[in-house]
Amino acid sequence: MKTTVDIVVVGAGHAGCEAALAAARLGASVVMVTMKLDHIGRLSCNPAVGGLAKGNLVREIDALGGAMGQVADACTIQFRRLNTRKGLAVQASRAQVDIDLYPAAMRRVIEAERQIRVMEGEAVDLEVDGQRVIGVELNTGETVAADAVILTTGTFLSAVMHCGDQQVDGGRVGEAAASRLSRRLKGLGLRLGRLKTGTTPRLDGRTIDWDAIEVQTETMPEGQFSFQSREKTLPQIDCHIAYTNANTHALIRSSLDRSPLFSGQIEGRGPRYCPSIEDKIVRFADKERHQLFLEPEGLNTDRVYVNGLSTSLPADVQLAMVRSIRGLESAEILQDGYAVEYDFADPRDLDHGLQHSAIPGLYLAGQVNGTSGYEEAAAQGLIAGTSAVLGEPFVLGRDEAYMGVLIDDLVTRGVGGEPYRMFSSRAEHRLLLREDNADRRLTPKGRSVGLVNDAAWDRLQTKLAAIDSARAWCEATMVRPNAEVTHRCKDLGIAVPRKPLTVAELLRRPTVSWAALEALLDDVPTVSAAIALQVETDIKYAGYLAREAQRAERTRKMASVVIPSDMNFDAPGISTEVAERLRAAKPATLGAAARLPGVTPAAIDMLAVLLARRTAG
């Protein structure tokens, strides 16, 4: 049997779902291939969405019409804001979500989209015409012809799971590896490498002494990711904090010879920022304890995820390790932790739309590109799905979105030998890329290509009008230091103005918030908390934002300077080492060259001179 559609998406994880939905929103007919229908949108590791920098990605996906934010909001059982003691540029949202409700909700979203057909099966081969990919073949014998194929295979390519000396083929418990497809990709010339990721033991919450464990505080029950209002809020649960100790560490050290990570059984490199517990004990030998988060997986399960205890040690060691921790002395393990080693494709072979540069029609998104995390995967899926339908890269600049930083880092720098994770420190324009303004930044761009529907667009227009109106009131309204204002200022702990000033000038003070304005003045416009935050931020950060915008403009100018493919990098002022890096990376623009590791600002200045001379000549 043969099916013909516009787009085939292989995989139904977070990248696959957003890729299929983006393509469908643009009017394309889509077939999504998944090994199991009930694993659409599955949370393979921690049942949580967001986090530092990752929350920005979720909000950006939502601003472009994606599903992750809305689905997470519908399934949130604990919401928190991170870094609240720091500036808005590095604050982020994180939600613990129900591990069963989330995939069920995502499946409903996929099945409600009439342009998407889900097929159960394994993609084992790619149909190729010359070097162009024109479809996929399934293990059922069926073929699906398409204009483009988007691979979102996660950790399944030639995947092996490790627990002690046990090795089992598979990318997730109970699911087979995709080895035939991996061999096919190698045959097509893709550069594949090996990476490793891991997961933690799951405990039976009924066997935990919760009274002996610290409760995690500072939750935000009303928080949400999506700019669209949600219909209902689920009951909220507590997460808890536990700690390893000297006994835990001694037990792990004595068992390192049984760890596949240290025995040489695992070849792929794991993430430095989220190492296994055995790796932590070795690398941070001076630390007396490590923090663990006990996170319930859902409202209707007793399973508890132990965040921070990722391991591939043997099962007997895992049980002893868990029971060495205060509060877990009688804990039972429902699922052992394990490591997964898998093939990934070098993302430096992709363009900014995530299409392979040497194989037209083939797009790759998600962990197959060497990234980690649901959010990074979903962001890539949206970009790949959009680009595949448009027939050209859907590009977001580094000054426009964390998604732009993510994609540019991948295709320019690669993953550096370990799974890539988004951090706020990677975004040089992070003051512009806050969570709160994601819709203002990206919804117009999404609307211009057809990703954003009328309801979302109208919602943004209403919001912008409210912001403009409130800000205009702040700029035009004067505050005079009369007796009433003086009295209220003293009650609020606000320094009394020495002379008349505008509300905007008063709001620029660090100690004055919109809530303080409402207590200080009688005629403050009634606006939502979201509008108040936007107005307050725009006014308080006006000077910083203007300077950051100037920096972003310089970045855009560098990005527009094209480096010819035959450029000779051997020149005075460019060291041999830097020249070698430039030749190997083949950066397309001066901006891309400036972001390469080891390429100095002095070398970029010289390269700019050489390019100017070449253009003049």
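The pair Asp436-Arg59 fails the salt-bridge criterion, with no side-chain N (NZ, NE, NH1 or NH2) lying under 4.0 Å from an Asp/Glu carboxylate O. Taking a cutoff of 4.0 Å between a charged side-chain nitrogen and a carboxylate oxygen, Glu376 and Arg426 do not qualify as a salt bridge.
The main-chain N or O of Ser226 is found under 3.5 Å from a side-chain atom of Asp73 such that the two form a donor-acceptor pair. A donor-acceptor pair under 3.5 Å links the side-chain atoms of Gln236 to the main chain of Leu234, judged by distance alone. Distance alone, capped at 3.5 Å, is enough to place a donor-acceptor pair between the Arg202 side chain and the Thr200 backbone. Judged by distance alone, with hydrogens and angles left aside, the side-chain atoms of Thr371 form a donor-acceptor pair with the main-chain N or O of Gly366 at under 3.5 Å. At distances below 3.5 Å, at least one donor-acceptor pair connects side-chain atoms of Asp351 with backbone N or O atoms of Gln355. Remark: the backbone N or O of Arg434 is paired with a side-chain donor or acceptor of Arg441 at under 3.5 angstrom. When atom types are taken as modelled, the side chain of Gln228 and the backbone of Gln70 share no donor-acceptor pair closer than 3.5 angstrom. Counting only distance, with no hydrogens or angles, the side chain of Glu122 and the backbone of Val124 share no donor-acceptor pair below 3.5 Å. Looking at Thr152, its side chain does come within 3.5 Å of a backbone N or O of Val10 through a donor-acceptor pair. Ser29 places a side-chain N or O within 3.5 Å of a backbone atom of Asp6 that can act as its donor or acceptor partner.
Atom CD of Glu222 is surrounded by more than 12 heavy atoms from other residues, nucleotides or ligands within 6.0 Å. For Gln167, the CD atom sits in a packed shell: over 12 heavy atoms of surrounding residues, nucleotides or ligands are nearer than 6.0 Å. Heavy atoms of other residues, nucleotides or ligands lying less than 6.0 angstrom from CG of Asp38 number more than 12. No more than 12 heavy atoms of other residues, nucleotides or ligands sit less than 6.0 Å from atom CZ of Arg180.
When each of Gln380, Arg421, Lys54 is paired with Glu375, the side chain to side chain contact (heavy atoms under 4.5 Å, CB included) condition holds for Lys54 and for no other. Partner Glu120 forms a side chain to side chain contact (heavy atoms under 4.5 Å, CB included) with one of Leu37, Val33, Leu138 and no other, that one being Leu37. Among Ile213, Leu292, Val306, the one residue that satisfies the side chain to side chain contact (heavy atoms under 4.5 Å, CB included) test with Ile325 is Leu292.
A donor-acceptor pair shorter than 3.5 Å can be found between the side chains of Ser182 and Asp343. Between the side chains of Ser93 and Arg81, a donor-acceptor pair is found at a separation under 3.5 Å.
Between atom CG of residue Leu299 and atom CG of residue Asp100 there is a gap of 9.5 Å, rounded to the nearest 0.5 Å. Atom CE of Met68 and atom CD of Glu60 lie 13.0 Å apart (nearest 0.5 Å). With values rounded to the nearest 0.5 angstrom, Leu203 atom CG is found 7.0 Å from Leu294 atom CG. Between Ile99 atom CD1 and Arg42 atom CZ the span is 7.5 Å, to the nearest 0.5 Å. Expressed to the nearest 0.5 Å, how far CZ of Arg85 lies from CD of Gln91 amounts to 11.0 Å. To the nearest 0.5 Å, atoms OG1 (Thr76) and CD1 (Ile237) are separated by 10.5 Å.
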### Task
Under the side chain to side chain contact (heavy atoms under 4.5 Å, CB included) rule, what do Leu442 and Val452 come out as? Steps first, then yes or no, please.
CA-CA 10 Å; Leu442 295 180; Val452 174; over 6 Å; no
### Task
Please lay out, stage by stage, how Glu295 and Arg80 fare under the test salt bridge (charged side-chain N to carboxylate O under 4.0 Å, His left out).
CA-CA 13 Å; Glu295 300 170 338; Arg80 300 181 67 228; over 6 Å; no
### Message
Assess the residue pair Arg398 and Asp409 against the criterion (salt bridge (charged side-chain N to carboxylate O under 4.0 Å, His left out)); give the C-alpha distance rounded to whole Å, side-chain angles, the decisive distance to 0.1 Å, and a yes or no.
### Response
CA-CA 9 Å; Arg398 296 181 69 92; Asp409 278 353; 2.9 Å; yes
#### Entry: Candidate pair Trp210 and Val304, rule side chain to side chain contact (heavy atoms under 4.5 Å, CB included), full reasoning
CA-CA 12 Å; Trp210 293 108; Val304 175; 4.0 Å; yes
### Query
Run the side chain to side chain contact (heavy atoms under 4.5 Å, CB included) check on Ser312 and Cys163 step by step: do they pass?
CA-CA 5 Å; Ser312 56; Cys163 183; 5.8 Å; no
### Task
Would you sort out whether Glu400 and Lys445 count as a salt bridge (charged side-chain N to carboxylate O under 4.0 Å, His left out), showing the intermediate values?
CA-CA 10 Å; Glu400 293 179 304; Lys445 189 146 189 171; 3.3 Å; yes
### Message
Test side chain to side chain contact (heavy atoms under 4.5 Å, CB included) on Leu382 and Arg25; report intermediate values, then the result.
### Response
CA-CA 11 Å; Leu382 190 150; Arg25 289 201 301 282; 4.0 Å; yes
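Heavy-atom minimum distance, Gly353 versus Tyr363: O-CD2, 3.4 Å. Closest heavy-atom contact between Tyr305 and Cys45: OH-SG, 3.0 Å. Nearest approach of Cys17 to Met106, heavy atoms of both residues: SG-CG, 3.6 Å. A pairwise comparison of heavy atoms in Trp457 and Pro444 identifies CZ3-CA, 3.5 Å as the closest pair. Considering all non-hydrogen atoms of both residues, Asp98 and Leu43 come closest at O-CD1, 4.2 Å. Scanning all heavy atoms of the two residues, the minimum distance from Gly370 to Leu195 falls at CA-CD1, 3.7 Å.
Contact check for Tyr420 versus Leu406: side-chain heavy atoms found under the 4.5 Å cut-off. Side-chain contact between Arg117 and Val5 is absent, with no heavy atoms from C-beta onward closer than 4.5 Å. Counting heavy atoms from C-beta on, the side chains of Val415 and Pro347 come closer than 4.5 Å. Looking only at side-chain heavy atoms (C-beta outward), Leu126 and Leu181 come within less than 4.5 Å of each other. Looking at Ile359 and Leu190, their side chains come closer than 4.5 Å, going by heavy atoms from C-beta outward. Contact check for Thr219 versus Phe79: no side-chain heavy atoms found under the 4.5 Å cut-off. Looking at Leu52 and Val90, their side chains never come closer than 4.5 Å, going by heavy atoms from C-beta outward. His162 is not listed as a side-chain neighbour of Lys196, based on a closest heavy-atom distance of 4.5 Å or more.
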